[in-house]
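What follows is a single structure, written as structure tokens, with notes after it.
Remember, it's 1-based here, ligands and their atoms both numbered in the order they're listed. The structure presented is a predicted model; accordingly, all values stated were derived computationally and were not measured.
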Amino acid sequence: MFFKFIYSLTFVTVLLYASLLFAANETPIHLDKKNMRDGCASCHMGFNFSDGGGAYRCVSCHGSSNFQAGYVTQGVQLKDITKDFSKNYRHPVFDKKGQHSAREVLPEIDPSVERHVTCADCHSPHFVSASNPYAGISGKKVGNLVTQITKEYELCYLCHSDSANLPVKSTNKRIEFSTNNPSFHPVEGEGKNQAVISLIRPYREKKSSAGDVSVLKCADCHSSDEPGAARGPHGSKYQGLLTDNYSIEDNAAESDFAYAICYRCHKRASILGNESFTAHSRHITGERGFKGGGTSCYTCHSSHGSVENRYLIRFNRDYVTESSTGKLKFVEKGTYTFHGECWLSCHGVDHNPKTY
Ligand code: HEC
Ligand code: HEC
Ligand code: HEC
Ligand code: HEC
Ligand code: HEC
Ligand code: HEC
Ligand code: HEC
């Protein structure tokens, strides 16, 4: 009975896929007989079409290796993805069921719709290929046109930018990463800077030789804490689904670990050596009679981009308030001169302003 359903449903579709296969210069991974022992039935046996099949179907092959054997063609070795999804910070694909639909249009326009994410939201099972992991995923609707996704950040923006159901504490990532901002981590394109003194190779301001990396992926910061794990922002033991730890609270001691995510690309010795901001070390380590303990990078810097200031300056209002004259701002004094002033109040110290 189930197969009858599948076959009637797929009669036209099979023809469609046949033509797609013919058009594509590369066979989609899951339609390649040498990967899938049971062809379409590898996934469609006992499949629930109303919610995209859920994640369990996928992990019969992408899960633990003793389980894989019965499903994957002999000799194919897949990474166990379930490990990352069992960590504290993860995309909640196994936490909730039944909210995905193949017909849904993202970003969500109805604020009352519950947020969800499943494997099929990020991977189109019929089209995913080695050269284009986003093949087959529909992007943002522009007028009547639905675009196809080619870049990782476009995928993420489906749920982390203009969604009407964005969690209250979450910000619009499209606005944060806009290359029109005074500063941004270079995800949509290269940054505008000539010199970011602390950068560690291969990260560079501009690409000038083959190995240079001047454009980042979200997954460069958001993916597994284990280097050997599957690529992608599936899950991590670190808060924020980050590859490394990030302490965002103030009054903590500075260490390699506390700000590990930043120190992966920005030389700790440069930051603490005050090569740019002359009072970096004093704030971060809380040395020389500094009131309270250290200050997290997060108190002064946005992780993604700033719509107001250069150098990703964005003050964390949990700790920073207006100065005695009611001002809260950062003013740069000349480009690359490492001089500026701050108007604010923090750790009970009035900056009205303080200059460096
Ligand atoms: C890797 C697993 C996998 C394989 C292999 C696979 N499918 Fe699917 N298929 C899915 C998933 C998951 C969905 C639901 C997608 C969604 O809801 O976004 C789906 C949906 C469908 C649909 C419904 C489409 C729609 O828009 O509602 C049809 C029809 C279909 N598959 C046919 C096939 C045929 C024919 C084959 C073999 C050529 C095949 N599938 C192979 C996983 C698979
Ligand atoms: C029957 C086994 C099987 C099932 C079920 C299955 N896959 Fe796969 N998948 C494979 C194989 C085999 C590959 C190819 C791996 C390779 O070549 O390294 C693959 C590759 C992939 C890749 C691409 C990896 C890359 O190299 O970029 C993604 C993404 C993926 N699968 C997601 C899914 C999702 C999502 C589902 C559920 C809808 C699913 N798979 C179900 C066997 C399966
Ligand atoms: C289909 C929707 C969807 C897509 C696409 C999506 N996400 Fe998510 N993401 C979620 C949901 C749902 C959560 C759980 C928290 C929430 O509701 O925002 C989440 C959580 C996260 C978190 C953890 C947030 C926290 O508060 O700790 C990060 C980081 C994240 N996503 C990054 C990404 C990245 C990077 C991409 C693109 C590769 C992406 N997401 C694509 C739906 C999505
Ligand atoms: C340079 C590293 C870096 C890159 C690149 C990056 N992030 Fe983040 N992201 C962070 C850090 C650090 C945090 C945790 C602190 C915070 O909330 O700012 C974070 C937090 C988040 C959160 C949880 C907080 C919230 O506002 O909901 C989401 C969701 C997120 N990032 C999505 C993305 C997406 C989507 C991309 C790509 C378009 C991306 N990030 C690129 C470093 C990065
Ligand atoms: C929020 C979006 C998102 C979700 C949800 C998600 N993935 Fe991924 N996944 C990605 C991204 C992004 C990559 C990296 C693609 C690239 O850069 O090649 C990836 C990579 C992969 C790979 C290739 C890993 C490697 O190292 O070869 C597999 C396999 C995979 N995902 C399977 C799954 C399965 C199975 C699920 C559900 C249990 C799932 N993914 C859920 C975004 C997602
Ligand atoms: C994966 C590498 C990577 C990580 C991780 C990373 N950065 Fe960056 N960062 C860069 C690159 C590349 C640039 C250069 C951008 C440019 O040229 O405009 C940069 C630039 C900056 C700038 C200067 C921006 C400007 O326009 O002046 C600041 C400030 C900064 N990062 C802070 C941080 C903080 C804080 C963290 C930790 C939360 C962090 N970065 C994590 C790669 C990274
Ligand atoms: C008290 C606020 C404050 C704190 C805390 C802070 N910064 Fe900064 N940072 C600044 C200011 C101001 C500048 C701009 C200096 C200038 O005028 O060029 C800056 C510039 C930078 C730059 C760009 C220039 C360079 O050095 O490459 C990076 C990267 C950076 N900070 C990283 C960090 C990291 C990583 C941390 C945490 C370990 C941190 N900052 C903590 C205020 C702060």
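Nearest to atom 25 (C) of ligand 3 among the protein's heavy atoms is Gly240 CA, 4.5 Å. Atom 34 (C) of ligand 3 has as its closest protein heavy atom Cys156 SG, 3.3 Å. Looking from atom 13 (C) of ligand 3 to the surrounding protein, the closest heavy atom is Pro92 CD, 3.8 Å. Here the heavy atom of the protein found nearest to atom 23 (C) of ligand 3 is Leu241 CB, 4.2 Å. Taking atom 43 (C) of ligand 3 as the reference point, the nearest protein heavy-atom neighbour is Cys159 CB, 3.4 Å.
The angle His44:NE2 - atom 8 (Fe) of ligand 1 - His126:NE2 amounts to 170°, with values rounded to 10 degrees. Seen from atom 8 (Fe) of ligand 3, atom NE2 on His91 and atom NE2 on His160 lie at an angle near 170° (rounded to 10 degrees).
The distance criterion of under 3.5 Å between nitrogen or oxygen atoms is met by Arg115 with respect to ligand 3. Considering backbone and side-chain atoms alike, Arg103 places an N or O below 3.5 Å from some N or O of ligand 1.
Within the listing of ligand 2, atoms 35 (C) sit less than 4.0 angstrom from a heavy atom of Cys119. In summary, the atoms of ligand 1 found under 4.0 Å from a heavy atom of Met36, numbered by their order in the structure, are 5 (C).
Its N, O or S atom nearest to atom 8 (Fe) of ligand 2 is what matters here, and for His30 that atom is NE2.
Look at Cys43 and you'll find a heavy atom under 4.0 Å from some atom of ligand 2. Within the 4.0 Å heavy-atom shell around ligand 3 one does not find Ser170.
Under the 4.0 angstrom criterion, atom 17 (O) of ligand 2 counts as lacking any protein heavy-atom contact.
Considering only non-hydrogen atoms, atom 42 (C) of ligand 3 lies nearest to Val117 out of Leu155, Leu106, Asp220, Val117.
Classification of the His304-His222 ring pair by plane angle, with boundaries at 30° and 60°, yields tilted.
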